[in-house]
**Q** 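The structure's right below; bear with me while I get my questions together.
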Amino acid sequence: MGDTNGQVVAGGNGQGNRLDQLNYPSDVLIDKETDSLIICEQANRRVVRWSRHSGTTQGEILIDNISCWGLAMDDQRYLYISDVGKHEVRRYQIGDKNGTIVAGGNGNGAGLNQLNTPNYIFVDQQQTVYVSDWNNHRVMKWNKGAKEGIVVAGGQGQGNALTQLSHPLGLFVDTLGTIYVADSGNNRVMRWPKGAKQGTVIVGGNGSGEGANQFNDPFGLSFDQQGNLYVVDYNNHRVQRFSIE
């Protein structure tokens with residue numbers, strides 16, 4: 001807190017596919033058990049793990065040949081990865097290369113058993129998988145073991161009405177099942193209470209721009225323990241923090 005300079009904890013050796021390099025990393029999580037970072041590298045089509053112990057100079061490949069985008073880990077340390085090429089989300093035990101499909105996997109489409117370019121994901125304590133279904137302009141919820149998902153935000157076509165989303169990205173779900181989603185095409189972050197048919201705009205929604213109340217393509221989002229919201233404002237090359245009532 002208060003630092004003006006960051007510290008490189010993975011990569012930092014230019015763009016490339018060596019084990020000491022990263023290439024378009026799109027998501028990262030911390031595995032507390034091993035005190036390491038797990039990173040999806042889009043351009044290298046792999047998921048790698050970097051230890052956070054000092055002296056670490058390279059990562060190790062956990063899974064390769066995967067068009068990964070988003071990552072999540074549940075309380076049992078299962079790893080979930082969205083695959084934008086196969087339009088599916090798989091769950092992996094660390095060390096397992098094959099995984100099990102837990103959302104999508106029925107080709108590219110808009111059916112309830114399909115996804116179209118799934119990107120960011122969120123997994124709750126019941127191993128329910130939430131997916132930002134980018135090209136279907138909706139957020140899907142797949143209960144554990146389900147053969148199809150449930151639309152829990154958007155799904156009314158692409159648009160900027162409160163019932164709609166446009167290319168949703170970053171995703172967070174609280175313990176009440178309230179969904180927070182970066183509605184990137186509309187330059188806003190929305191909140192959708194459990195079971196709601198429409199959402200509310202909590203930040204942004206004031207057009208594309210550089211103002212403190214604006215975004216230019218919001219990508220990722222996260223909350224801290226105090227309830228502050230952090231948004232990756234992709235095309236403004238910044239991260240913004242908001243205190244949400």
Side-chain angles (χ1 to χ4, degrees), residues 24-29 38-48 62-74 78-92 96-124 126-159 164-173 177 179-186 189-190 192 199 217-222 231-232 234:
Y24 286 99
S26 61
D27 207 358
V28 59
L29 57 83
I38 296 176
I39 304 164
C40 159
E41 289 186 75
Q42 271 188 313
N44 283 332
R45 302 187 71 247
R46 67 189 185 189
V47 176
V48 294
L62 292 179
I63 295 150
D64 55 9
N65 296 320
I66 182 170
S67 299
C68 64
W69 185 302
L71 301 170
M73 187 176 270
D74 68 21
Y78 281 101
L79 181 63
Y80 297 74
I81 306 172
S82 64
D83 187 326
V84 294
K86 292 183 177 171
H87 308 285
E88 66 188 24
V89 179
R90 281 182 184 257
R91 181 177 69 214
Y92 298 82
D96 159 31
K97 301 274 189 203
N98 298 317
T100 309
I101 294 174
V102 292
N106 294 298
N108 173 1
L112 290 177
N113 68 344
Q114 294 178 303
L115 298 167
N116 187 345
T117 320
N119 52 70
Y120 291 109
I121 53 181
F122 186 93
V123 179
D124 70 13
Q126 284 73 47
Q127 296 183 324
T128 308
V129 180
Y130 295 82
V131 188
S132 278
D133 194 6
W134 193 75
N135 249 347
N136 283 327
H137 313 292
R138 66 190 185 183
V139 176
M140 297 295 288
K141 171 184 176 180
W142 288 65
N143 290 312
K144 188 178 180 180
K147 294 287 176 248
E148 59 178 43
I150 304 158
V151 180
V152 288
Q156 305 294 319
Q158 182 179 13
Q164 294 177 304
L165 297 169
S166 175
H167 293 124
L169 287 165
L171 195 56
F172 182 89
V173 184
I179 293 157
Y180 296 82
V181 58
D183 188 13
S184 71
N186 289 320
V189 175
M190 294 192 79
W192 291 66
D217 208 2
F219 251 59
L221 55 81
S222 186
V231 183
V232 176
Y234 186 76

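What's counted below: heavy atoms across the whole structure, side chains too, no hydrogens, waters or symmetry copies.
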**Q** Are side-chain heavy atoms of Ser132 and Leu169 found at a separation under 4.5 Å?
**A**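 In short, these two side chains do not touch, never coming nearer than 4.5 Å.
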**Q** Could you measure the distance from the CD1 atom of Ile38 to the SG atom of Cys68? Nearest 0.5 Å is fine.
**A**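 Rounded to the nearest 0.5 Å, the CD1-SG separation comes to 12.0 Å.
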**Q** Applying salt bridge (Lys or Arg N to Asp or Glu O under 4.0 Å) as the test, list every pair that has at least one member in residues 99-122; sequence neighbours left out.
**A**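 Residue pairs with at least one partner in residues 99-122: there are none.
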**Q** Please round to the nearest 0.5 Å and tell me the distance separating atom NZ of Lys86 and atom CD1 of Ile66.
**A** 7.5 Å
**Q** Report the residues that fulfil salt bridge (Lys or Arg N to Asp or Glu O under 4.0 Å) with Arg90, sequence neighbours left out, ordered by chain and then residue number.
**A** Glu88
**Q** Could you tell me if the side chain of Thr117 sits less than 4.5 Å from the side chain of Asn119, heavy atoms only?
**A** no
**Q** Would you name the heavy atoms of Pro218 and Ser184 that are closest together and state the gap between them?
**A** O-CB, 3.2 Å
**Q** Atom OG of Ser166 and atom NE2 of His137: how far apart are they, to the nearest 0.5 Å?
**A** 6.0 Å
**Q** What pairs with Ala103 under side chain to side chain contact (heavy atoms under 4.5 Å, CB included), at least two apart in sequence or on another chain?
**A**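 Expected list: Val89, Leu115, Val131, Trp142.
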**Q** Can you sort out the partners of His87 under ring pair (Phe, Tyr, Trp, His ring centres under 6.0 Å), two or more places apart, ordered by chain and number?
**A** none
**Q** Within the 3.5 Å criterion, strictly below it, is a donor on Tyr120 or Asp27 matched to an acceptor on the partner's side chain?
**A**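 Note: Tyr120 and Asp27 side chains miss the donor-acceptor criterion.
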**Q** Kindly compute the distance separating CG (Asn44) from CG (Asn65), expressed to the nearest 0.5 Å.
**A** 11.0 Å
**Q** Check for a donor-acceptor pair, side chain of Gln156 on one end and backbone N or O of Gln164 on the other, with a separation under 3.5 Å.
**A**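 It does not hold such a pair.
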**Q** Sequence neighbours left out, what passes side-chain hydrogen bond (donor to acceptor under 3.5 Å, both in side chains) with Lys97? Give chain and number order.
**A** none
**Q** What pairs with Asp183 under salt bridge (Lys or Arg N to Asp or Glu O under 4.0 Å), at least two apart in sequence or on another chain?
**A** Arg188
**Q** With side chains defined as the heavy atoms from C-beta onward, is the minimum distance between Met140 and Val151 less than 4.5 Å?
**A** yes
**Q** Output all residues satisfying salt bridge (Lys or Arg N to Asp or Glu O under 4.0 Å) with Arg46, sequence neighbours left out; order by chain, then residue number.
**A** Glu41
**Q** Identify the two heavy atoms, one from Ser26 and one from Trp69, that lie closest to each other, and give their separation to 0.1 Å.
**A**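 Distance-wise, the nearest heavy atoms are OG-O, 2.7 Å.
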**Q** Return the set of residues passing ring pair (Phe, Tyr, Trp, His ring centres under 6.0 Å) with Phe122 (not counting sequence neighbours), or none when no residue passes.
**A** Phe172
**Q** Could you name each residue pair satisfying side chain to side chain donor-acceptor pair (under 3.5 Å) that touches residues 103-116, not counting sequence neighbours?
**A**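 Output for this query lists Asn108-Asn116.
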**Q** What's the shortest heavy-atom distance between Arg138 and Gly111, and which atoms?
**A**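 Here Arg138 and Gly111 meet closest at NH2-O, 3.0 Å.
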**Q** So, do Trp192 and Val139 sit near enough that their side-chain heavy atoms are less than 4.5 Å apart?
**A** no
**Q** Got a sec, which residues hit side chain to side chain contact (heavy atoms under 4.5 Å, CB included) with Ser67, two or more places apart in sequence or on another chain?
**A** Arg45, Asp83, Val84
**Q** How far does OH of Tyr78 sit from CE of Met73, to the nearest 0.5 angstrom?
**A**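 Atom-to-atom, Tyr78:OH and Met73:CE are 12.0 Å apart.
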**Q** Listing request: all salt bridge (Lys or Arg N to Asp or Glu O under 4.0 Å) pairs with a residue in residues 142-154, at least two apart in sequence or in separate chains.
**A** none
**Q** Pick from Val129, Val173, Leu71, Leu79: which one makes a side chain to side chain contact (heavy atoms under 4.5 Å, CB included) with Val123?
**A**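 Only one option passes, and that is Val129.
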**Q** Where is the tightest heavy-atom contact between Tyr180 and Leu221, given as atom of each residue plus distance?
**A**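 Scanning both residues completely, I find the closest heavy atoms to be O-CD1, 4.1 Å.
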**Q** Quick one: pull up CG in Leu165 and CD in Gln158 and give me the separation to the nearest 0.5 Å.
**A** 10.0 Å
**Q** Excluding sequence neighbours, so at least two apart, what forms side chain to side chain contact (heavy atoms under 4.5 Å, CB included) with Thr128?
**A** Asp124, Gln126, Tyr130, Lys141, Asn143
